[in-house]
Amino acid sequence: MEPIISEMLARQDELSAKQDELSARQNELGAKVERVSAQVRQLTVTVTNSLTVQSSNIEFLLVRTDKLEQNQLELRSEMDQRFDAVDQRFDAVDQRFDAVDQRFDAVDQRFDAMGQRFDAVDQRFTQIDQRFEQLFDFLKEKLK
């Protein structure tokens with residue numbers, strides 16, 4: 001009888017250690033999510049500053065285009081190039097946001113996997129609890 005109880009207690013300790021491991025992993029993933037969020041915020045500030053600078057440049061070019069018809073054509077060509085650069089920057093930012101989105105998807109998948117693991121651990125604890133109840137019932141009957 002004692003070997004069974006010892007085995008059950010050892011198994012319970014093992015399951016407790018695994019649950020602690022899963023909790024540590026969840027904390028680690030939470031920290032990764034926070035780092036990615038910080039990177040997204042930093043990227044947003046950078047893009048906003050870049051767009052503000054580009055907007056100022058465009059306003060300056062529009063004022064100059066009013067002076068001469070010839071300069072107007074040249075400045076429009078330059079503006080088009082700058083807009084292309086802004087579009088390229090938007091594309092680059094869009095790609096970065098896609099990469100961040102993929103990272104969030106990966107984190108979400110990890111959380112789903114952790115949820116499944118927690119469910120399995122919970123089921124195992126339920127089984128252990130049922131076995132303890134059976135064992136105690138058995139011991140009560142034997143001790144009567």
Side-chain angles (χ1 to χ4, degrees), residues 1-67 70-142:
M1 194 61 71
E2 282 187 27
I4 293 172
I5 292 172
S6 296
E7 182 182 327
M8 291 177 112
L9 290 174
R11 183 67 179 147
Q12 188 176 17
D13 289 344
E14 182 182 314
L15 288 173
S16 179
K18 286 183 180 181
Q19 187 175 13
D20 290 345
E21 183 181 314
L22 288 174
S23 292
R25 180 83 169 144
Q26 184 178 12
N27 290 338
E28 183 181 287
L29 289 174
K32 286 181 182 180
V33 167
E34 284 299 320
R35 282 195 302 269
V36 170
S37 294
Q39 290 173 344
V40 168
R41 286 191 296 273
Q42 184 180 17
L43 183 59
T44 302
V45 168
T46 301
V47 168
T48 301
N49 291 342
S50 176
L51 291 175
T52 301
V53 168
Q54 291 299 322
S55 178
S56 296
N57 289 341
I58 290 168
E59 287 178 21
F60 172 75
L61 290 173
L62 288 174
V63 170
R64 283 190 81 198
T65 57
D66 292 337
K67 292 181 181 179
Q70 186 63 30
N71 286 341
Q72 186 177 27
L73 295 174
E74 292 172 7
L75 291 175
R76 281 193 181 171
S77 173
E78 185 179 335
M79 280 185 0
D80 287 341
Q81 291 174 359
R82 290 187 182 224
F83 277 121
D84 288 342
V86 169
D87 283 340
Q88 289 173 356
R89 288 183 180 168
F90 273 121
D91 290 342
V93 168
D94 192 41
Q95 289 173 354
R96 288 179 183 168
F97 278 119
D98 287 344
V100 168
D101 192 42
Q102 289 173 354
R103 289 179 184 158
F104 277 121
D105 287 344
V107 168
D108 191 43
Q109 289 173 356
R110 288 179 182 162
F111 276 122
D112 288 343
M114 285 176 48
Q116 292 172 356
R117 288 179 184 159
F118 281 126
D119 289 343
V121 167
D122 186 51
Q123 288 175 358
R124 187 65 182 144
F125 275 125
T126 301
Q127 291 172 352
I128 289 171
D129 189 45
Q130 289 171 354
R131 287 184 181 171
F132 271 122
E133 286 179 19
Q134 291 171 354
L135 179 63
F136 287 131
D137 290 341
F138 174 76
L139 290 174
K140 280 181 190 177
E141 283 189 30
K142 290 294 181 180

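Quick caveat, the model's predicted, so the values are computed rather than measured.
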message = Taking Thr52's backbone N and O only, do any of them form a donor-acceptor pair with Ser56's side chain (distance below 3.5 Å, no angle check)?
response = yes
ask   = Around Arg11, counting heavy atoms of other residues, nucleotides and ligands shown, do more than 12 lie under 6.0 Å from its CZ?
value = yes
task = Considering only NZ, NE, NH1 and NH2 on the basic side and carboxylate oxygens on the acidic side, decide whether Glu78 and Arg82 come within less than 4.0 Å.
result = yes
inquiry  = For a quick test of reading the model, state the closest non-hydrogen atom pair linking Gln12 to Phe132 and the distance between them.
reply    = OE1-CE1, 3.9 Å
key: Within 6.0 Å of CD in Glu21, more than 12 heavy atoms from elsewhere   = no
ask   = Is the side chain of Thr48 donor-acceptor paired with the backbone N or O of Thr44 at a distance under 3.5 Å, no angle test?
value = yes
key: Approximate separation, where rounding is to 0.5 Å, of Leu22 CG and Leu15 CG   = 10.5 Å
query = Between atom CD of Gln19 and atom CD of Gln26, what is the distance when rounded to the nearest 0.5 Å?
reply = 10.5 Å
Validation: residues 104-129 side-chain donor-acceptor distances under 3.5 Å, sequence neighbours left out:
unit_1 : atom_1 : unit_2 : atom_2 : d
Arg124 : NH1    : Gln127 : OE1    : 2.9
Thr126 : OG1    : Asp122 : O      : 2.9

request  = Mind checking the CD1-CD spacing from Ile4 to Glu7? Nearest 0.5 Å is all I need.
outcome  = 7.5 Å
query = Between Ser6 and Glu2, is there a donor-acceptor pair closer than 3.5 Å when you use the side chain of the first and the backbone of the second?
reply = yes
ask   = Atom OG of Ser16 and atom NZ of Lys18: how far apart are they, to the nearest 0.5 Å?
value = 12.0 Å
request  = Measure the CD-CG distance between Glu133 and Leu135 for me, rounded to the nearest 0.5 Å.
outcome  = 11.0 Å
Straight-line distance of Asp80 CG to Arg76 CZ, nearest 0.5 Å = 9.0 Å
